[in-house]
Every structure is written in structure tokens, then in C-alpha cells.
Amino acid sequence: MELTITQPDDWHLHLRDGELLQAVVPHSASFFGRAIVMPNLKPPITSTAAAVSYRESILKALPADSDFSPLMTLYLTDNTSPREIKLARESGVVFAVKLYPAGATTNSQDGVTDLFGKCLPVLEEMAEQNMPLLVHGEVTDPNIDVFDREKVFIDTILQPLIQRLPQLKVVMEHITTMEAVRFVESCSYGSVAATVTPQHLLLNRNAIFQGGLQPHNYCLPVLKREIHRQAIVSAVTSGNKKFFLGTDSAPHEKRSKECPCGCAGIYNAPVAISLYAKVFEEAGALDKLEAFTSFNGPDFYGLPRNTSKIKLTRTPWKVPESFSFSFGDIVPMSAGETLEWQPSI
């Protein structure tokens, strides 16, 4: 069996920098046409000038024959200025601004501490410039249970933000709960959308603990109950245009995952398209896969759809246990497993 679909884009990707960038960017560039690249480096990408420089580094790291296009983002801080948003829009290379509540995830310590108190002028300028806000939708209050942080974020931050600035385009990244599904579904089309990862479609929180602690299944937002996984699968396989592909592929060297204080993040770039196909096939919705992977994202961002195609062939293949580089190993999602769908150009 073979499927031909329009080349997908990845609307949420971590490429890191330095040796890690060199190692992982070919995996994303193999089958994705474009990717929204996250700005949480050390130091974070807080200016248009830094985004332009980072983009050049990514382009230099690409294989010689690659047409992959990185779409850059800015890291929102308490000190971001409306003028920086204008510069970002004028640059032609910055396509969104990322909100990390301070302390929410990897390299988020420079994130926002008071969205409404310190960032409102910037958010108003973003609405004016039609610049999407990408949100890591979790509160960081230590008194809130880690499994409830997304729901509380929707109630206390996202809902009030949408009411205050209804013209602001918002993408709720890597949704993990039925509450997030319902919230996105309740918003008007074109104003609020959501990206969905392979891990939140395929795994529930049992996957972190089965057979001992599984650090390579640890990500933020953390995996949730099975009822939430099922709600997300139903949403993306329904054909609803508000949901689109965003892998949140987040590479860490193996020793940074398998250690006393392991990093959050799942590296899924080499297997993501195969895993999305698995989800849609199991739901009896392969006819809706192309819209999710290749149409809904560019339509929301106001960008043209890709014109090139990729093939998905039902040919079993085994995922490597790890990828080895000079600096160490990276363990991918589904390491050692056999997957049924194999993409090719």
C-alpha cells in the first residue's frame, strides 16, 4: 500500500545549536518542507538580529541538496518591545513569537513572569502585525499539580487573553488534555489553533513508568491520562482544520536524559511522519492525514501550501536504538520498534 501526500511542515521544532544542530537538522530536512524553529537557546533568541543569525546557522548545517526552510521565532520576555515586533515582521524571516512562562520547560528561565502586566503593548503590536503568539500552555505555580497545569493555564491566562485581544492569532502548542481540545474547538477558526505531537497522540502517562522509569518518554507538558490521549486523537483525526502537525521534537544527548535529573524532551524527528500515519490508520482516517500534516498549518499562518510530494509506503522498518555522533548518542522515540509506514521523497 502506498500513499502520496503533499510535503508536510513541522510547526513546532527544536533544532538547538552547535554540534547538536549539525546532528539533528538533516532528520527534519529529509521529509519536512518548513519548520517553525523554537527560540529557547542559551542565550534565547530575543531579537530579530539574533533570529537572522540563527537562521544562517541552520542553513549552513543543512545537507547540500536540501530545500528545507526554517521559519524563525522570537522568545518573548518581560522586556520585549513593540518595536522589536515591527522589526520581526519587516525581516521576512520571523513568523511568530513564543511565550514560555518562566520556568515551564527546558531553557525557559528567561520567560515571561507577568503576561498582562508587562507584555500587553507587545501583544497588541503582534495583533496589529498579524504575528502569531505560540504558547507553552502551562502555569508554573508550584502549588498547581503538574497534571493540571495546562487546564489552569487555559482558565487563568489563555481564556482572558483571547477575550482581551480577540484579534491576536494564538497557537496552543503541544496540547495534552481534553480541556485543551474543547477550548480550541470553541474558538473561531483563524484565531486559535493547536499543534499536536506524536507522543501525545500515542502515549499516555503510563509510558513514563512501565518497566521502570522511562526517561526517554519524559517531556513537558508531561504525558496525561488515556482519556486525554483519546480526546486528542479524536480531534486530529476528525478533519478539524484547527489542529495541525507540530512534533516538538526535542533532542538531548543520551547522558542528559539518563541521569539523576533528566531533561524533558522527546526526539521524534526521524519517526514523526511514520507515527502520525500510524495514528490516522488506526483511527480509520488516512484520508484526513494530508490536511493535518500539510494543509492546516500553512493555511493558519497564511503561507502557501507546499507543492512537492512525499510517499508513504507500507513497508515495515526498524527504528534505530540510537543515533551516534562525536559528542554522544541521541535516542529517538520508538527506539528499537518496528514501524509500518516509511516515508520517501
Side-chain angles (χ1 to χ4, degrees), residues 7-75 88 91-98 100 105-108 134 173 195 197-198 219 245-257 263-274 293 297-298 301 303 306 308 310 319-320 322-333 335 343-345:
Q7 187 174 30
D9 300 304
D10 187 347
W11 298 96
H12 185 148
L13 176 65
H14 297 271
L15 288 175
R16 314 304 190 199
D17 55 4
E19 288 182 313
L20 209 44
L21 166 64
Q22 301 276 344
V24 303
V25 72
H27 284 151
S28 291
S30 294
F31 301 111
F32 292 105
R34 297 166 290 195
I36 285 279
V37 180
M38 293 296 107
N40 59 330
L41 304 185
K42 291 182 177 179
I45 305 299
T46 58
S47 70
T48 302
V52 170
S53 177
Y54 183 29
R55 181 176 180 270
E56 289 302 315
S57 298
I58 296 169
L59 293 175
K60 287 177 183 175
L62 288 172
D65 59 346
S66 176
D67 292 326
F68 179 78
S69 180
L71 310 178
M72 309 313 294
T73 60
L74 296 187
Y75 185 113
S91 73
V93 302
V94 176
F95 290 85
V97 176
K98 183 63 183 275
Y100 289 108
T105 188
T106 303
N107 296 344
S108 64
L134 316 182
E173 303 280 22
T195 58
T197 74
C219 59
L245 187 159
T247 65
D248 193 21
S249 184
H252 291 285
E253 201 275 322
K254 183 179 179 180
R255 287 167 295 191
S256 296
K257 295 287 289 180
C263 295
I266 293 176
Y267 185 57
N268 60 39
V271 296
I273 294 174
S274 300
T293 62
Y301 274 84
L303 296 171
N306 293 325
S308 51
I310 70 165
V319 181
S322 64
F323 294 94
S324 296
F325 304 97
S326 59
F327 57 82
D329 296 342
I330 301 175
V331 177
M333 185 176 175
S344 61
I345 297 295

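If you're wondering where the values come from, they're calculated on a predicted model, not measured in any experiment.
In this structure, T247 OG1 and D9 CG are separated by 11.5 Å, a value rounded to the nearest 0.5 Å. Separating the CD1 atom in I330 from the NE2 atom in H27 is a distance of 8.0 Å, to the nearest 0.5 Å. Atoms CG and CD, on L59 and E56 in that order, are 5.5 Å from each other to the nearest 0.5 Å. Taken from CD in Q7 to OG in S308, the straight-line distance is 3.5 Å, to the nearest 0.5 Å. Once rounded to the nearest 0.5 Å, the distance linking CD1 of I266 with NE2 of H14 reads 11.5 Å. In this structure, CG on D248 lies 6.5 Å from OG1 on T197, to the nearest 0.5 angstrom.
Residues L13 and S249 come closest through the heavy atom pair CD1-CB, 3.8 Å. Between K257 and A264, the shortest heavy-atom contact is NZ-C, 4.1 Å. The nearest pair of heavy atoms linking G246 to T195 is CA-CB, 3.9 Å. For the residue pair P320 and P332, the shortest heavy atom distance occurs at O-CG, 3.5 Å. Shown here for L245 and D10, the closest heavy-atom pair between the two residues is CD2-CA, 3.7 Å. Shown here for Y75 and P44, the closest heavy-atom pair between the two residues is CD1-CB, 3.4 Å.
Ring pair F325/F327 is parallel by interplanar angle, where below 30° counts as parallel and above 60° as perpendicular.
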For this session: Run the numbers on L15 and V24 for side-chain contact (heavy atoms from CB on, under 4.5 Å), then give the verdict.
Result: CA-CA 7 Å; L15 288 175; V24 303; 4.1 Å; yes
Problem set entry | side-chain contact (heavy atoms from CB on, under 4.5 Å) evaluation trace for Q22 with D17 | CA-CA 7 Å; Q22 301 276 344; D17 55 4; over 6 Å; no
Problem set entry | side-chain contact (heavy atoms from CB on, under 4.5 Å) between V94 and V52, intermediate numbers included | CA-CA 8 Å; V94 176; V52 170; 5.8 Å; no
Exercise. Between T48 and L74, is a side-chain contact (heavy atoms from CB on, under 4.5 Å) present by the stated rule, with each step listed?
Worked result: CA-CA 7 Å; T48 302; L74 296 187; 4.3 Å; yes
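Looking at heavy atoms from C-beta onward, P270 lies in side-chain contact with F323 at the 4.5 angstrom threshold. Inter-residue side-chain proximity for V25 and I58 is flagged as met; some heavy-atom pair is nearer than 4.5 Å. At a threshold of 4.5 Å between non-hydrogen side-chain atoms, the residues Y267 and K254 do not count as touching. A 4.5 Å side-chain heavy-atom check between H12 and I36 finds every atom pair outside the cut-off.
A donor-acceptor contact shorter than 3.5 Å is absent between the side chain of K98 and the backbone of L134. Formation of a donor-acceptor pair under 3.5 Å by the S91 side chain with backbone atoms of A88 is found in this model. A donor-acceptor pair under 3.5 Å is absent between the side-chain atoms of R34 and the main chain of L71, judged by distance alone.
A ring pair (Phe, Tyr, Trp, His ring centres under 6.0 Å) check over residues 32-74, counting only residues at least two apart or in different chains, returns nothing. For residues 57-73, no residue pair satisfies the side chain to side chain donor-acceptor pair (under 3.5 Å) rule, not counting sequence neighbours.
Side chains of D329 and S324: a donor on one and an acceptor on the other come within 3.5 Å.
Judged as a ring-ring contact (aromatic ring centres under 6.0 Å, His included), and not counting sequence neighbours, the contacts of Y301 are W11.
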